[in-house]
Structures are given as C-alpha cells and as structure tokens.
Amino acid sequence: MKKKYKGLLAATMALALVLTACGSKKDKGSKEGSQGQTAGADDSVKGKISVQVEDAWKDYYKAAADRVKKKYPNAEIEFINTSSFDHLDVLDQTDATNKDVADLFAMPADRLAGLNSKQVLASIDSQKLAEEIGGFKDFDKGIGGNFMVDGDYLAFPYNIETLVTFVNKKNAEDAGIDPSKPIELNDVKTAEEVLLPFFDAWYGVAVTNSSGIELLGKDKDKKLFSDLTKDYKDLEPEKQKTIKAIYDYWKKHNEKGTPLFDAEAGWAYVDDSFTTGNGGIFRLAGAWDTATATKQAGEGNLEIYPIDHITVAGKPLVHWKGGWGLAINARLEGKDNEMAIAEQMIKEIVNPKYAIDLFKATGKILENVDASVYADSDLSDSDKAVIDATIKSYENAPARPLFEEWGSVWDSWKNAVLSWNSVNPKNEEEAYKQLQASFKSMMANFKQQ
C-alpha cells in the first residue's frame, strides 16, 4: 500500500471512522440475516463507497453493484453520474478529499502519471484480483503492467484500445480497388484514397511506430531521448523512408488543396471524404468511430480490418496498447472495508461472464476475454468485426508510454507537421528540419526543468 497519502488521510480519518460506525448500526432488512443471506455472503464488511458512472453505463453498473451486495450485504454503493473526463477535470482541479470525486472511477491510461503526481490513486492488489477474475495471459505485459508505478498497481485494467482500419467497400469498388488487400500509402492514386490525419500525434504514432521512430523514450539509464533530435542523415534507412512517405502524403494533399492538414477542418474532411460517393476508401480510426463510419459508408458498405491493413514505406501501421483502468481514490487507503467493497465492484464490472453486456453498455472490450466469446455472441456483425480487429491490432502493439513528459509530444509533433503548410518544404529533408527543430526545443525544455 502506498504511504504518501497518509498525511492527508490523517486529517479525515477520525471523522471517517465515526461516519462508518454510524452508518452500520442496523441492518438494511431482515433478508440480510443469517437465514436470508446468499451463500458465502460476508456481513462483517460494512461501508459505503461512491462510484463514477456515465449515463449509458448506469444499468450495467447497478447490476454489478447488486452482485457486490450479494457478497457484502451491508455494503452501500452510491453513484456519481458524470462523464469520465468531466470527473477527471474535477479531480485535477481539486484533490482526493473532494466529495464530488468518486471512490471508484474510470480513467484513461494516459492520465496515470498526472494523477499519480497528485497522490490521488490508491494501491490495488491487482495480481490477486486478476487471479480471481481470470483470463489474463500475462498480466504485466498487458495494460495491467502499464498501471504499475514504483511497484504499486494504481488502476485495474478496464478495457483495451488501439486503432483499426475502416474501409468503404462501395468507394473501393468504384475506384477498382480490392478492399480486402492491404494498401500502401506510397501507392495511393488520389489524395482521399487513404484518410490518415497524422498531424495529430494520436494517429501519427501509428506511422512512427511502424519503423520504430521514438518520439520520446527513456534509455536504460531512464534518461529522456528522442530520435527526432538526430540529423536526417543519421536516421536509420527505414526511418528515413517513413519520413519521406509522410512528406509525400502531405505534399499530395497540399498540391490538391485539401483541408486534411488543418487542425480544425481536417476532421470534417475525413468524415466527408469517407462518405459513399466521395472517394474515401481506407480510414484509420478507433472502435468508438464505428457508428459514425457505418452511417457514412451506408448499410453493408463498411468493412473493418486490423491496423496493419495500411502500410507506410512497406511497414504495417502499429499503434499502442492503450486503454482505460478502474482506479480507487487514495482516501480509501487504510479503510479495509471500503477497499474490499471497491475491489469487489471492480471484479463485477470486469467480470468476464458479463463481457457482452459490458460492451453493449459501454463499448469497452476486455483484455481477459477471448475474441471467440464476442464472435459467438448476439452482437451485430460490425461490432464483432471491430472487436476482432481491435484485439488483433492490440496484440501486435507496443506498450503506450505513460510517463508525464510524454504529454509535451502532442504539440511538438502537431505544430511541426502543420508548419509545413506555411514553410512549404521542397523535400523530405526540409520537412524533417521542422520536426527536428520542434523536438530539440522540447528536449531543451526538459533540461531546464
């Protein structure tokens, strides 16, 4: 268990103990007696926790809470109804003691470093939970290991995320292209054939990861480095080919005058181009885009493939092992009953037995559930396809960098790529100089801190 929260905890512990004692003086009904209890129920665990929940999740979470209460009849679980990001914004602006912050909440993996620095995450016995829940092939090599900091697990895996390839079958047929075959970015005939908004680093890393370009990493001595501070001539040949490919792709759009490389208009251009009749064929996207893409392509026209269906300079795209976790507020540390209830709630939310119900309610895909479970379910064909593609893409992806400094990469990459519109580089080496200058500036800033 983490110790650094104890200073803050001490100020509220006495009051918390009084409230807990007051809240457990009487049973909540005769059915909680020894004759009415579910077999294996433990009525000695008494406490109250709050759980953050989004509108669409409420019914699923309520069912999970009901299962928790079968094990702990004297547990009280209340819901704080708010979006995950709004909830995290409140936590960022205050601290773990804020009553508007839940005891148990969902968080994307990239928020781990910031929340850890604020000392708001309790240590979770994730290995024990994983063993009890089952299905994890190698917990630490999956997203579970990404949630470990200094030997403590600070969140439990909720779902996996990565990017996949959407294909508009009708647009492909109109262009005389076989959509079932992978597409090479260097071979596209029209600007809109492949829709790749790589000016945004969320999509850009799929390109840089393909040839092993490290935008920001840590060496064996845990010192920060970036491949993009090197001179172009010092980059490995495969990395030079990647830079040339993305420059040529930018140039194609620049010469045609498309708004793809516009931080605001680019997204609307992607949506419009992918609509049947407008020429967009291959689109890099996330599972969360399925409903929108289906509407744009039209019924029966959307096909979904793993991310490696698009290649750049001969290298298949590869994204990150991204995802979300379920975190426990640090204010519960030292409160054994409340921690037990929170951990049991985690177990029920990600219970593999209810994986299909979870996906229907939240769109979340469990790492510890085999693809065949989803394939054999009553989910729609498009849902099954995107789940299958996500799992396959995730298996081949590297771990997402979660250290706090990586947050500086987003703007460093975006500003450099978008600067090509005004600088108008004549070749890939001139384009690379903008990337190099931006990342050298970023690295210099780290040294000053």
Side-chain angles (χ1 to χ4, degrees), residues 51-65 79 81-88 102 104-111 133 135 142-144 146 155-166 202-203 267 270-271 274 283-297 299 302-307 319-327 345-346 348-395 397 400:
V51 180
Q52 174 263 327
V53 62
E54 297 194 4
D55 283 335
W57 307 355
K58 283 191 290 188
D59 288 345
Y60 180 84
Y61 269 52
K62 185 180 183 304
F79 296 119
N81 190 26
T82 182
S83 80
S84 297
F85 288 110
D86 286 346
H87 180 263
L88 290 168
L104 177 64
F105 55 90
M107 52 163 276
D110 67 331
R111 300 293 282 265
I133 293 168
I143 195 171
N146 280 356
F156 191 84
Y158 193 4
N159 74 299
I160 60 172
E161 281 185 353
T162 193
L163 295 177
V164 299
T165 306
F166 287 169
W202 178 254
Y203 298 86
W267 305 109
V270 170
D271 287 341
F274 196 71
R283 176 178 182 175
L284 189 63
W288 51 90
D289 296 313
T290 305
T292 300
T294 300
K295 183 178 180 181
Q296 292 162 354
E299 193 64 35
L302 182 69
E303 294 185 351
I304 305 169
Y305 296 89
I307 190 173
H319 203 238
W320 283 322
K321 279 183 167 65
W324 287 61
L326 289 166
M345 186 66 181
I346 289 175
E348 291 300 341
I349 291 173
V350 299
N351 189 331
K353 182 178 178 180
Y354 304 100
I356 306 305
D357 292 336
L358 176 66
F359 181 83
K360 289 178 179 178
T362 68
K364 297 189 182 297
I365 303 167
L366 295 178
E367 181 181 20
N368 58 320
V369 172
D370 191 80
S372 63
V373 174
Y374 294 104
D376 295 337
S377 72
D378 62 351
L379 292 171
S380 68
D381 289 343
S382 60
D383 282 340
K384 290 178 181 179
V386 78
I387 290 170
D388 182 66
T390 298
I391 292 174
K392 289 177 178 175
S393 299
Y394 182 87
E395 287 174 348
R400 181 175 181 174

Give a yes or no on whether the backbone of [Y] and the side-chain of [X] come within a donor-acceptor separation of less than 3.5 Å.
| X | Y | answer |
| --- | --- | --- |
| Lys321 | Ile143 | no |
| His319 | Val164 | no |
| Glu348 | Ala65 | no |
| Thr165 | Leu284 | no |

Within a strict 4.5 Å, meaning less than it, do heavy atoms of the [X] and [Y] side chains meet?
| X | Y | value |
| --- | --- | --- |
| Asp289 | Gln296 | no |
| Phe359 | Ser377 | no |
| Phe274 | Leu302 | yes |
| Val51 | Lys62 | no |
| Pro108 | Leu88 | yes |
| Gln52 | Trp57 | yes |
| Ser393 | Leu163 | no |
| Val350 | Pro157 | no |

**Report entry** Donor + acceptor pair across side chains of Ser380, Asp383 (<3.5 Å)
**Finding:** yes
Query raised in the report: Run the side chain to side chain contact (heavy atoms under 4.5 Å, CB included) check on Tyr374 and Leu366 step by step: do they pass?
Result: CA-CA 10 Å; Tyr374 294 104; Leu366 295 178; 3.7 Å; yes
Requested in this report: Describe, in one word, how the ring planes of His87 and Phe105 are oriented to each other, choosing from parallel (under 30°), tilted (30 to 60°) and perpendicular (over 60°).
Outcome: tilted
Query raised in the report: What class does the angle between the rings of Tyr203 and Trp267 fall in, given that below 30° is parallel, 30 to 60° is tilted and above 60° is perpendicular?
Result: tilted
Report task. Could you please spell out the steps behind the salt bridge (Lys or Arg N to Asp or Glu O under 4.0 Å) verdict for Asp271 and Arg283? Result -> CA-CA 9 Å; Asp271 287 341; Arg283 176 178 182 175; 2.8 Å; yes
Requested in this report: Flag yes if more than 12 heavy atoms outside Asp376 fall under 6.0 Å of its CG atom; otherwise flag no.
Outcome: yes
**Report entry** Flag if over 12 foreign heavy atoms under 6.0 Å of NZ, Lys392
**Finding:** no
Requested in this report: Report the C-alpha separation of Val53 and Tyr60 in whole Å, then their side-chain angles, then the decisive distance to 0.1 Å, and conclude whether the side chain to side chain contact (heavy atoms under 4.5 Å, CB included) test is met.
Outcome: CA-CA 10 Å; Val53 62; Tyr60 180 84; over 6 Å; no
Requested in this report: Quick one: do Lys384 and Asp388 satisfy side chain to side chain contact (heavy atoms under 4.5 Å, CB included)? Show the steps, please.
Outcome: CA-CA 6 Å; Lys384 290 178 181 179; Asp388 182 66; over 6 Å; no
Requested in this report: Show your reasoning for whether salt bridge (Lys or Arg N to Asp or Glu O under 4.0 Å) applies to Lys360 and Asp59.
Outcome: CA-CA 11 Å; Lys360 289 178 179 178; Asp59 288 345; over 6 Å; no
Requested in this report: State whether Tyr158 and Lys364 meet the cation-pi test: NZ (Lys) or CZ (Arg) under 6.0 Å from the six-membered ring centroid, and within 45° of the perpendicular axis.
Outcome: yes
